[in-house]
A.B. asks: 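To start, I am sharing the structure in question, which I have written as structure tokens.
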Amino acid sequence: MKQVYLDHNATTPVRKEVLDAMQPFFSHEYGNASSVHSKGRAARKAVEEARELVGNAVGTESADIVFTSGGTESDNFAIKGVAMANVDKGRHVITSEIEHPAVMDCCRFIEEELGFEVTRIPVDKYGMVDPDRLKDSVRKDTVLISIMFANNEVGTIQPIKEIAEIAGKNGVYFHTDAVQALGKEKIDVEDLGIDLCSFSAHKLNGPKGIGGLYVRKGVKLVPFHSGGVHEGKRRAGTLNVPGIVGFGKAIEIACKDMQGSDKHMRKLTERLLAGLNKELKEIYLNGHPDRRLSNTLNISFRHVEGESLILNFDLKGICASTGSACMSGSLERSHVLAAMGVQPDLSQGSIRFSFGYGNTEEDVDYCLTEIPPIVKRLREMSPLC
Ligand code: PLP
């Protein structure tokens, strides 16, 4: 049976070039990057080369990149680290209603454990934060604004430059979770005015368990891990050298042909949407019509349950998801769609198709052969009809 993987916002396969680049650092260049001998120096050299690649990809110097275990840790480090280091200035943080759980739960933590107040900015029907609304929420005691670059469920891209300007004018740090945007959208942290930016390698055909945090020089934040002087005393722990090398290679490849890949992704998502619209009634696109990640297509199918769709798609070899990866498996309503005002029955029948490297027009055509009959059959059986 044909397999079509359309869940790249959950995770991506590691590219062969990335695996090849990592391999020597498991088998013979296994040195600890902190050791002074030749094996240690070889590992350190590879780490610094990868740091340079990550820094270059986001428009900054390598020294401003701290390697972490992934997006979740980077978000924790940024939010809790800034909150703890700046309590003398205030205990107020601004975020949005559609953040990834890694950000949402950190905000809840600083509220419950550190006595912070958190303002959660609503979004419009496309999942877009209104910068004017955000501006009105800034207070004298605001220490951080954390708004994601692009949403993982619906792909909407936020007005990052405008938000950063508001933060900058008010002397507030600006963090953005760019886990879904890295490798898909141009990110220039200096030009955009970003102070802290979270990344993860496994969303761009790199390995799992490695990511990074950009920290602009001068940003005050408390280190999260204690136990050594690694990463300029900002993140203790022996470096994951193969992972870091893989991250560097993955980002290098992703940046080389970002435009070509963007064009290809847009063509595929548009083809799928147009084909489904032709075959099926009452399907609705969630997310911004064009200010959206080109690989992401979130569609509500009225009168069907998302979970039933996923299981039936899977029987035909099509891998997609309901909501975010972390929400899959629970029947909880997507907080993102709820914040966008999507009616409960429509959010229950929402599916995220996220395309990536390796997907082809044939994949889309296979989906267009298999998906409409599944939807029609489930609708016929559905008590929701
Ligand atoms: N932030 C966003 C927007 C994500 O989509 C994800 C992963 O789904 C994360 C953070 C967490 O990243 P990681 O899986 O590397 O911890």
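Numbering of residues begins at 1 and proceeds along the displayed sequence. Side chains are part of it too, since the values below use all heavy atoms of this structure and drop only hydrogens, waters and symmetry mates. One-based numbering, in listed order, for ligands and for the atoms of each.
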A.B. asks: Met148 to ligand 1: N or O pair under 3.5 Å?
C.D. replies: no
A.B. asks: By number and element, which atoms of ligand 1 are closer than 4.0 Å to a non-hydrogen atom of Thr72?
C.D. replies: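 It comes down to these atoms of ligand 1: 11 (C), 12 (O), 13 (P), 16 (O).
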A.B. asks: Only heavy atoms of Gly70, strictly under 4.0 Å: list the atoms of ligand 1 that pass.
C.D. replies: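 Those of ligand 1 that fall under 4.0 Å from Gly70 are 15 (O).
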A.B. asks: Please state which part of Asp177 comes within less than 4.0 Å of ligand 1, counting heavy atoms only: side chain, backbone, both or neither.
C.D. replies: side chain
A.B. asks: Only one of Thr296, Asn152, Asn151 clears side-chain hydrogen bond (donor to acceptor under 3.5 Å, both in side chains) with Asn9; which?
C.D. replies: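 It is Thr296, the one option of Thr296, Asn152, Asn151 that forms the side-chain hydrogen bond (donor to acceptor under 3.5 Å, both in side chains) with Asn9.
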A.B. asks: Please say whether Lys203 places an N or O atom under 3.5 Å from an N or O atom belonging to ligand 1.
C.D. replies: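 Indeed, backbone or side chain, Lys203 has an N or O that close.
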A.B. asks: Would Arg15 and Tyr357 count as a cation-pi pair here, with the cationic atom under 6.0 angstrom from the ring centre and within 45° of the axis?
C.D. replies: yes
A.B. asks: For the side chain of Arg133 and the backbone of Ile121, is there at least one donor-acceptor N/O pair under 3.5 Å apart?
C.D. replies: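 No.
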A.B. asks: In terms of ring plane angle, is the pair Phe247 and Phe67 parallel, tilted or perpendicular, where the classes change at 30° and 60°?
C.D. replies: perpendicular
A.B. asks: With respect to His202, determine whether any N or O atom, backbone or side chain, lies less than 3.5 Å from an N or O atom of ligand 1.
C.D. replies: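 Min N/O separation from ligand 1 is below 3.5 Å for His202.
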A.B. asks: Please indicate whether Lys39 has more than 12 foreign heavy atoms, meaning atoms of other residues, nucleotides or ligands, lying under 6.0 Å from its NZ.
C.D. replies: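 Correct, the count exceeds 12.
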A.B. asks: Checking the N or O distance criterion of under 3.5 Å, is ligand 1 in contact with Ser200?
C.D. replies: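 Yes; the residue has a nitrogen or oxygen that sits under 3.5 Å from a nitrogen or oxygen of the ligand.
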A.B. asks: Are the side chain of Asn205 and the backbone of Val14 linked by a donor-acceptor contact shorter than 3.5 Å?
C.D. replies: no
